[in-house]
2 protein chains.
Amino acid sequence: MTATTDQDAALRIAAGRKPFVEPLRLGERLKEIRLAHQWTLEDVSRRTGLARSTLSKIENDQISPTFTAVQKLINGLGIDLPQLLSPPRVQPRTMGRRDLTRRGEGQRHPTPTYEHELLSCELAQKRMIPFKTIVRARAFDEFSEWVRHDGEEFLMVLDGEILLFTEYYEPLALASGDSIYFDSAMGHALVSVSDDDAVVLSVCTRGESST
Amino acid sequence: MTATTDQDAALRIAAGRKPFVEPLRLGERLKEIRLAHQWTLEDVSRRTGLARSTLSKIENDQISPTFTAVQKLINGLGIDLPQLLSPPRVQPRTMGRRDLTRRGEGQRHPTPTYEHELLSCELAQKRMIPFKTIVRARAFDEFSEWVRHDGEEFLMVLDGEILLFTEYYEPLALASGDSIYFDSAMGHALVSVSDDDAVVLSVCTRGESST
DNA sequence: ATGCGCTGTTCACTATAGGAAACGAGGTTT
DNA sequence: AAACCTCGTTTCCTATAGTGAACAGCGCAT
């Protein structure tokens, strides 16, 4: 098992189980949009080039539109695909969630090189993944491969001193209190150089396009 | 041959002509993904439930997949739709940026209640905003109003002890090493309760909708 | 070489999406 | 009320997406 896989796994666990396939009430959504603009089927037909009947069937889930049809829709209606697919244009989820993690109470994920402690893992659907890591690795060659994942990462050294190896830069020494922000698609790896294992706090961005 | 039908047809032809819409090289993109994972058509077939032949045709733009087919794809491949549709834009900017901030070298922004130190402020276009804050406020009533901004916020106490006031919850005591994740649209405010001013590290998400 | 196993493509057929026109339900005009 | 409009739905029919099987190409083993 490679370091990459380890961290990927941790991130994936943090990301939580996939909600599998949602029904994706496309027809319903289309009708919402149409009525919101007070358009008739004929209006939409003129805008999109799709037949009135076709639109009716799509709205009532009697057919599954072709991808070209979907394109005509998003194009003709002047909306983009996410808009068409996110039926519950809900704000509610943005308000008032909270997730406390007391010192040392995160969810631990040990690997040969790192010991991760996932923070705030009660909350699903969040846009950042924070975790504290004890860096056990002492030499770069303990990594079989670059650690690498989509998105961006912010990192602050809480304790000890580390060397940050990155794919495109010289190794960088970071002491307690130093912080760095980088694209995490660039290969990276941490090594402790202080007497005790170093501790860092990381925050990764979630893969985008969350609906 | 009624005038209505003629006009309808004319409009539909005009709309149906596809001059500008179709930058979506879906087949190409699918092939990219498949090869990136070193999957064979048969593998993808098993994952998605679509026939090998169908997949081949989709990859070669010989057919326009049904929306249900697209769903099977994104579902079976474990990707989401934006991923499937956005081949070109993601790659360029994601690779290799880096921004180091040594301890205490951030950009300071003092306010009556807080003393912020912005970290990694060299980098534009990043998805998280990290900053270290010295909490000067000693009582809740030093705030004239809730602090409130779009997005989400992660916060870890680095030093001292604070009280986190939030709009929808009771005040929460946080000691060094405790962390919390919350929707920052919910009003919030920090107060130091330790002898020295407390220090916290915060990371906020950037507003979305970059498009 | 011959045969085997695997790849991706192509064929022939079935299932279904898309379009034109007919239909039925309100609403407005006369 | 009948004669319309205009709306959305439904009914054919044709165009095409989706499938399984056959095919051609390639590496590998015998």
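Residue numbers start from 1 in every chain, and the chains themselves are labelled A, B, ... in the order their sequence lines are given, proteins ahead of strands. These numbers come from a predicted model, not from an experiment.
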Chemist: Taking the nucleotide of DNA chain C with the closest heavy atom to each, which residue, A:Ala69 or B:Thr54, is nearer the 5' end?
Modeler: B:Thr54
Chemist: Do B:Ile162 and B:Val200 have side-chain heavy atoms sitting under 4.5 Å apart?
Modeler: yes
Chemist: Measure from CZ on A:Phe67 to P on C:dG18 and round the result to the nearest Å.
Modeler: 13 Å
Chemist: Run the side-chain contact (heavy atoms from CB on, under 4.5 Å) test against A:Thr166 and tell me which residues pass, sequence neighbours left out.
Modeler: A:Leu164, A:Tyr169, A:Met186, A:His188, B:Arg98
Chemist: So, is B:Thr40 near the phosphate of C:dT7, with a side-chain N or O under 4.0 Å from OP1 or OP2?
Modeler: yes
Chemist: Is a side-chain donor or acceptor of B:Thr205 paired with a backbone partner of B:Glu152 at a separation under 3.5 angstrom?
Modeler: yes
Chemist: Which whole-number value in Å describes the distance from B:Ile63 CD1 to C:dC11 P?
Modeler: 15 Å
Chemist: Using a heavy-atom cut-off of 4.0 Å across all strands, would you classify B:Ser56 as base, sugar-phosphate, or nothing?
Modeler: base
Chemist: Could you check whether A:Gln62 gets within reach of a base, just the sugar-phosphate, or nothing at all, counting any heavy atom under 4.0 Å?
Modeler: sugar-phosphate
Chemist: Answer yes if the ring centres of A:Phe154 and B:Phe131 are under 6.0 angstrom apart, and no otherwise.
Modeler: no
Chemist: Report the residues that fulfil side-chain contact (heavy atoms from CB on, under 4.5 Å) with A:Arg34, sequence neighbours left out, ordered by chain and then residue number.
Modeler: A:Lys31, A:Trp39, A:Leu41, A:Val44, A:Glu59
Chemist: What integer distance in Å separates A:Leu55:CG from C:dG19:C1'?
Modeler: 11 Å
Chemist: I need the full list of salt bridge (charged side-chain N to carboxylate O under 4.0 Å, His left out) pairs touching residues 43-55 of chain B, with sequence neighbours left out, sorted by first then second residue.
Modeler: B:Glu42-B:Arg46, B:Glu42-B:Arg52, B:Asp43-B:Arg46
Chemist: With a 4.0 Å cut-off on heavy atoms, is A:Leu41 in touch with a base, just the backbone sugar-phosphate, or nothing at all?
Modeler: base
Chemist: Which whole-number value in Å describes the distance from A:Lys72 NZ to C:dA17 P?
Modeler: 15 Å
Chemist: Has the side chain of A:Lys57 got a donor or acceptor that lies under 3.5 Å from a partner of the other kind on the base of C:dG19?
Modeler: yes
Chemist: Whole-Å distance between C:dC6 P and B:Gln38 CD?
Modeler: 17 Å
Chemist: If each of B:Arg34 and A:Pro65 is mapped to the nucleotide of DNA chain C with the nearest heavy atom, which maps nearer the 5' terminus, i.e. the 5' end?
Modeler: B:Arg34
Chemist: Round to the nearest Å and state the distance from B:Asp43 atom CG to C:dC6 atom C1'.
Modeler: 11 Å
Chemist: Mind checking which nucleotides bracket the chain B contacts on DNA chain D, 5' to 3', with an atom under 4.0 Å from a heavy atom?
Modeler: D:dA17 to D:dA22
Chemist: Rounded to the nearest 0.5 Å, how far does CG of A:Leu55 lie from CG of A:Asn60?
Modeler: 11.0 Å
Chemist: Atom CG of A:Leu73 and atom P of C:dA17: how far apart are they, to the nearest Å?
Modeler: 14 Å
Chemist: Check each residue of residues 46-53 of chain B for a non-hydrogen atom within less than 4.0 Å of any atom in DNA chain D, then write out the ones that pass by number, or none.
Modeler: B:Gly49, B:Leu50, B:Ala51, B:Arg52, B:Ser53
Chemist: Salt-bridge test for A:Arg103 and B:Asp178: reply yes if a basic N is under 4.0 Å from a carboxylate O, no otherwise.
Modeler: no
Chemist: Applying side-chain hydrogen bond (donor to acceptor under 3.5 Å, both in side chains), can you list everything that pairs with A:Asp197, at least two apart in sequence or on another chain?
Modeler: A:Arg138
